[in-house]
Amino acid sequence: MDKRRVAILISGRGSNMTALIEAAQAADFPAEIVLVVSNIAGAAGLEKAAAAGIETVTVASKPFGRDREAFERQLNDTLVAHGIDLVCLAGFLRLLTPWFVSQWDGRMLNIHPALLPSYKGLHTHERALADGVKIHGATVHFVVPEMDSGPIIMQGAVAVLDNDTPDTLARRVLAVEHRIYPDALRLVASGGTRIANGVCTSKANGSPDDALVSPAVI
Ligand code: GRF
């Protein structure tokens, strides 16, 4: 099997990165993680990736200041030099220009800690709690120039509890993130997704019987 060559882009602790690396160790996984790139020197995830035997590179964004394209050209050169097929953003805290996004059109994934299109941007758990929503979750989507938009590949939901804090909710959502990101990458890397009119469909349909009801009436 010809595995897709994947780079993961991080800025921080890299727990989603670790979930992807672990999943990709399975012999039948259709992708291999060949590179982890951080835009922050010393990001905690770099050490974890190196410990897992993955090549790591820092392309520091800070020296480029406001020249986002110059940073991205270096980033892009690094990805191309490594023969990368697919890019996974995993806590990568940089807005990307339309130029960079167009280089990876349909080949770059992101994970967002909310059920998009609700709660784009930051502080998703705080905002979900403030609104009193009863179901919250995470989304894996293809990256388009507009932030936290783009065809949705997979979502996972959790019940919101009355006594949740942003931290307790974040923890349960993160556990879902660690499930859906590897599954979504498996789906994309195996050629199981199609995008038409801004909508992603896949060979892995949900079950019509799946439902999460929250709160559950006792
Ligand atoms: C995750 O919550 C992810 O959804 C968001 O940034 C966070 C990164 O966490 N995009 P980690 O670095 O993967 O642990």
Side-chain angles (χ1 to χ4, degrees), residues 1-40 43-59 61 71-94 96-97 99-113 138-145 148 150-156 174 176-195 200 202-204:
M1 181 180 49
D2 205 10
K3 296 193 180 214
R4 312 269 79 200
R5 291 172 63 80
V6 173
I8 305 176
L9 273 48
I10 64 166
S11 302
R13 65 185 168 180
S15 72
N16 278 290
M17 173 204 77
T18 300
L20 291 171
I21 290 173
E22 284 174 0
Q25 280 161 359
D28 72 339
F29 201 83
E32 58 177 326
I33 314 301
V34 295
L35 182 68
V36 169
V37 185
S38 172
N39 69 314
I40 308 280
L46 287 171
E47 220 169 285
K48 296 179 196 163
I54 314 278
E55 182 178 349
T56 62
V57 178
T58 298
V59 181
S61 48
F71 160 70
E72 290 177 350
R73 272 195 298 276
Q74 189 171 332
L75 179 59
N76 199 60
D77 288 350
T78 305
L79 298 174
V80 171
H82 283 80
I84 297 303
D85 300 308
L86 293 169
V87 174
C88 289
L89 307 182
F92 185 67
L93 303 177
R94 287 290 290 192
L96 297 167
T97 65
W99 173 77
F100 184 84
V101 173
S102 71
Q103 302 304 303
W104 298 95
D105 186 30
R107 298 189 299 146
M108 181 155 59
L109 287 63
N110 182 43
I111 186 149
H112 181 72
T139 302
V140 181
H141 64 95
F142 287 108
V143 177
V144 297
D148 298 332
I152 292 171
I153 303 163
M154 194 174 286
Q155 297 185 299
L174 195 63
V176 168
E177 293 182 37
H178 296 165
R179 269 180 67 185
I180 65 172
Y181 212 173
D183 282 356
L185 177 59
R186 178 186 277 276
L187 200 52
V188 171
S190 65
T193 53
R194 291 280 171 276
I195 304 172
C200 174
S202 77
K203 63 181 182 191

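Positions are given from 1 along the sequence.
For T193, the side-chain hydrogen bond (donor to acceptor under 3.5 Å, both in side chains) criterion is met by no residue, not counting sequence neighbours. In terms of the side-chain hydrogen bond (donor to acceptor under 3.5 Å, both in side chains) criterion, S38 has no residue partners (sequence neighbours excluded). Residues satisfying the side chain to side chain contact (heavy atoms under 4.5 Å, CB included) test with T97, not counting sequence neighbours, are R68, E69, E72, W99, F100. In this structure, the side-chain hydrogen bond (donor to acceptor under 3.5 Å, both in side chains) partners of S61, at least two apart in sequence or on a different chain, are N39. By the side chain to side chain contact (heavy atoms under 4.5 Å, CB included) test, A90 pairs with I8, I10, N16, Y181, sequence neighbours left out. Scanning for side chain to side chain contact (heavy atoms under 4.5 Å, CB included) contacts around R194 gives T201, with sequence neighbours left out. The side chain to side chain contact (heavy atoms under 4.5 Å, CB included) search around A204 returns L187, S202, not counting sequence neighbours.
Considering all non-hydrogen atoms of both residues, A31 and A24 come closest at O-CB, 3.7 Å. The two residues P182 and A19 come nearest to each other via the heavy atoms CG-O, 3.7 Å. For K203 against S190, the heavy-atom pair with the smallest separation is NZ-OG, 3.3 Å.
Legend: side-chain hydrogen bond (donor to acceptor under 3.5 Å, both in side chains) pairs involving residues 77-87, not counting sequence neighbours, sorted by first then second residue: E55-H82. For residues 18-30, the pairs satisfying side-chain hydrogen bond (donor to acceptor under 3.5 Å, both in side chains) are D28-R186, with sequence neighbours left out. Sorted by first and then second residue, the salt bridge (charged side-chain N to carboxylate O under 4.0 Å, His left out) pairs with a member in residues 1-19 form an empty list; sequence neighbours excluded.
One finds the CZ atom of R94 at 8.5 Å from the OG atom of S11 (value rounded to the nearest 0.5 Å). Note: H112 NE2 to E177 CD = 9.5 Å, rounded to the nearest 0.5 Å. Atom CG of residue N110 and atom CZ of residue F92 lie 10.5 Å apart, to the nearest 0.5 angstrom.
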Inset, instruction - Apply side chain to side chain contact (heavy atoms under 4.5 Å, CB included) to the pair V143 and V87, showing each step before the final yes or no. - result: CA-CA 10 Å; V143 177; V87 174; over 6 Å; no
Legend entry - Check against side chain to side chain contact (heavy atoms under 4.5 Å, CB included), Q103 and V80: CA-CA 10 Å; Q103 302 304 303; V80 171; over 6 Å; no
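When side chains are defined from C-beta on, I21 does not count as touching K48, because their heavy atoms never get closer than 4.5 Å. Under the 4.5 Å side-chain criterion, counting only non-hydrogen atoms from C-beta, I40 is not in contact with L46. Between W104 and I84 there is a side-chain heavy-atom pair separated by less than 4.5 Å. A heavy-atom distance below 4.5 Å is not found between the side chains of V188 and V140. Counting only heavy atoms from C-beta outward, the side chains of I180 and Q155 never approach each other to under 4.5 Å. For the pair I111 and C88, the minimum side-chain heavy-atom distance is 4.5 Å or more.
Exactly one of L20, V36, L185, L109 qualifies for a side chain to side chain contact (heavy atoms under 4.5 Å, CB included) with V6. That residue is L185.
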